[in-house]
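By convention in this document, chain letters (A, B, ...) are assigned in the order of the sequence lines, proteins followed by strands, and residues within each chain are numbered from 1.
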Amino acid sequence: MNDNIVITDLARRFGRFKAVAGVDLEVGAGVFGLLGPNGAGKTSLLRMMATVIRPSSGRLRLLGRDPGSYGPRKEIRRRLGYLPQNFGHYPSFTVAEFVEYFALLKEMPPQRIPAAVASAIERVGLGDRARKKLRTLSGGMLRRAGIAQAIVNDPELVLLDEPTAGLDPEQRVAFRALLRELGQRATVVVSTHLVEDVGAACTEVALMDGGKIVFRGTPGELTAGAEGAGAAGDAPLERGYSAVLAQARATAAAAARS
Amino acid sequence: MTGGDRMVGSHEDVREQPPGPGDVDLGRVWLRIAADVWRREPGWLERLAGRLLRSPGLARALLTTPSLLLPWLIASVVVFGAGAGAAAGTGQPLVALLAPVVAGAGIAYAYGPGTDPAWELSCSMAVSDRMVLLVRALAVFALNAALGLAASAATGAAVAVTFSWLVPMTAVCALALAAATVAGSANVGVAAGLAAWLITVLSGEVVAGRFTVVVTESSLVLPYLGFAAVCGAIAWYATRIPRGTA
């Protein structure tokens, strides 16, 4: 089996609130989009995949390993690139220092780090800012510094939570090209509520609502979901998103009534 | 072209085109130059720490601890507050015994989800966040001990807190980190550190002839039971079988 992510009946509770309510998912190499409205459970699912929080129940295997055990979790983390939604940084670090710091924490061989840092910074287009303090960068540039630290170790599993937040349209187009390039070698999961990102970069997509996956397919299949539904949206994919979401909610409501 | 208007920009374009015969792959050349120009040479202290801790990442975390200003200030205030209580000579060994727990909680908060902006990111790293926390604790105590020694040379007011709290706790943190590095487990390091502090405090009580009071004083039974319960809860939490794993 070459699925880098295998999830079975995964759930996560915060007190009484069930953020993720029984998700089953297998994802192999390529760019996988995780769509859904705010509060759908995308970030909680991504944080479990990033080994930041533990599941409340269910099974999770990443890169063929069990993240619940110390040794395998360490191996997963060495091969992981993660950009959190609330990406924090150290304002007094330069871009190069920041990327290098996380390369060291990922336990990359020290002799490989300078070249890897230079490559990651160039790939996100921050070459001319490499020696600038993070406090001097704009929001979009900070996001790109975050992407640079995520890809510095040439990860096999890349998890990006709202990566295009703060990027201008030109940067978003360039970022999608980077995503496609990453997806040729790695499993890339992108959580977003911007459907155009998914349409442009993802080979497969899942739609989450209420902590569950209510649709899984290609962006084309999601677009096809709008046919005859008269859903709202400016672009075909947006209409597909709205139609599939409305249908899933109607089905859930009907199930709850019966 | 500036970095603000490109991503996967001209460098990648150049790199993706294989050079022809006699051509120079400018992308690769530039990457080598950039790697050299942006390379940060670790100082002797970082290299030494890297060797001792068997981890360049931990050594970097150790050296960067004071530069994270807000967490540093919060941690230092808590450490000095706990130290002042421990050095006050209340006659209650429990105060001295609990002081490291208070200081540890303060450092964990300051360099944890409380104020560390990159905490979420740090939690997904191969270097254990608990090991990072241990090196942070050592850095906080060691630098404050150095400040305390300097202050002690200037005024006698700093002597008590420096020599009965900051210096011994620096040694305890160093011992904890050494044990954690050898055992490969931060939990083992914390246990070793707490045991060393317990022995230090109780030895002092024995020397002062107060050890039997520590053991037989009935008003201390409840706090002892509470402390034991907390230790039991921590042990249970640390060794529980996690749910949701294969």
Side-chain angles (χ1 to χ4, degrees), chain A residues 10-12 47-48 50-52 54-61 66-69 74 77-78 80 82 84 86-90 92 96-97 100-102 104-107 110 114-115 117-119 121-131 138 140-141 144 149 170-171 174-175 177-178 181, chain B residues 1-12 15-16 27-28 30-42 47 50 55-61 64 67-71 113 115-129 131-132 184-185 241-246:
Chain A
L10 200 71
R12 172 70 198 197
R47 292 180 78 205
M48 284 189 277
T51 71
V52 172
R54 289 179 188 274
S56 301
S57 63
R59 284 168 177 265
L60 173 63
R61 282 188 78 81
D66 170 16
S69 308
K74 200 176 171 84
R77 287 176 170 183
R78 282 181 179 148
L80 175 70
Y82 174 48
N86 299 315
F87 165 63
H89 62 277
Y90 300 131
S92 60
E97 285 170 352
E100 185 222 18
Y101 179 68
F102 285 103
L104 285 166
L105 290 185
K106 289 178 184 190
E107 295 190 331
V117 168
S119 173
I121 290 173
E122 282 294 337
R123 287 172 85 182
V124 299
L126 280 178
D128 56 349
R129 310 276 171 156
R131 303 184 87 173
S138 68
M141 289 178 189
R144 286 149 65 189
Q149 69 74 29
E170 193 179 0
Q171 289 164 0
F175 173 70
L178 175 61
E181 187 198 317
Chain B
M1 189 186 289
T2 66
D5 57 11
R6 66 189 163 89
M7 188 186 297
V8 202
S10 55
H11 157 68
E12 283 301 310
R15 200 172 62 160
E16 282 170 7
R28 287 187 189 283
W30 167 242
L31 268 192
R32 277 201 294 272
I33 293 169
D36 281 341
V37 172
W38 300 338
R39 178 198 297 266
R40 186 189 56 83
E41 279 303 324
R47 288 198 301 273
S55 164
L58 279 178
R60 186 78 186 122
T64 56
S67 69
L68 310 177
L69 206 55
L70 182 62
T115 51
D116 184 347
W119 171 248
E120 168 103 6
L121 205 48
S122 304
C123 287
S124 68
M125 295 292 141
V127 173
S128 146
D129 48 346
M131 289 295 283
V132 172
S185 161
I241 297 167
R243 289 171 294 177
T245 53

Taking A:Arg47 first and then B:Glu120, would you say they form a salt bridge - that is, a charged N and a carboxylate O separated by under 4.0 Å?
yes
Below 4.5 Å, heavy-atom pairs only: which of A:Leu104, A:Val117, A:Leu105 has the largest tally toward chain B?
A:Leu105
For B:Asp116, is it the side chain, the backbone, both, or neither that has a heavy atom closer than 4.5 Å to a heavy atom of chain A?
side chain
I need the B:Leu69 CG to B:Thr115 OG1 distance, nearest 0.5 Å.
11.0 Å
Thinking salt bridges, do A:Arg77 and A:Glu107 make one under a 4.0 Å N-O criterion?
no
Does B:Pro42 have any side chain to side chain contact (heavy atoms under 4.5 Å, CB included) partners at least two apart in sequence or in another chain, and if so, which?
B:Arg40, B:Glu46, B:Arg47
Proximal component of A:Leu80, with respect to chain B [non-hydrogen, under 4.5 Å]:
side chain
Portion of B:Ala61 that has a non-hydrogen atom of chain A nearer than 4.5 angstrom:
both
Quick check on the interface: out of A:Arg78, A:Glu97, A:His89, who has the most heavy-atom pairs with chain B under 4.5 Å?
A:His89
Parallel, tilted or perpendicular: ring planes of A:Tyr90 versus A:Tyr101, cut at 30 and 60 degrees
perpendicular
Max heavy-atom pairs within cutoff under 4.5 Å with chain A, candidates B:Ser55, B:Gly184, B:Pro117, goes to B:Pro117
Any idea which of A:Ala130, A:Ser138, A:Ala11 has the most non-hydrogen atom pairs under 4.5 angstrom with chain B?
A:Ala130
Scanning both residues in full, the closest heavy-atom pair of A:Val52 with B:Cys123 reads CG1-CB, 4.1 Å
Proximal component of A:Arg131, with respect to chain B [non-hydrogen, under 4.5 Å]:
side chain
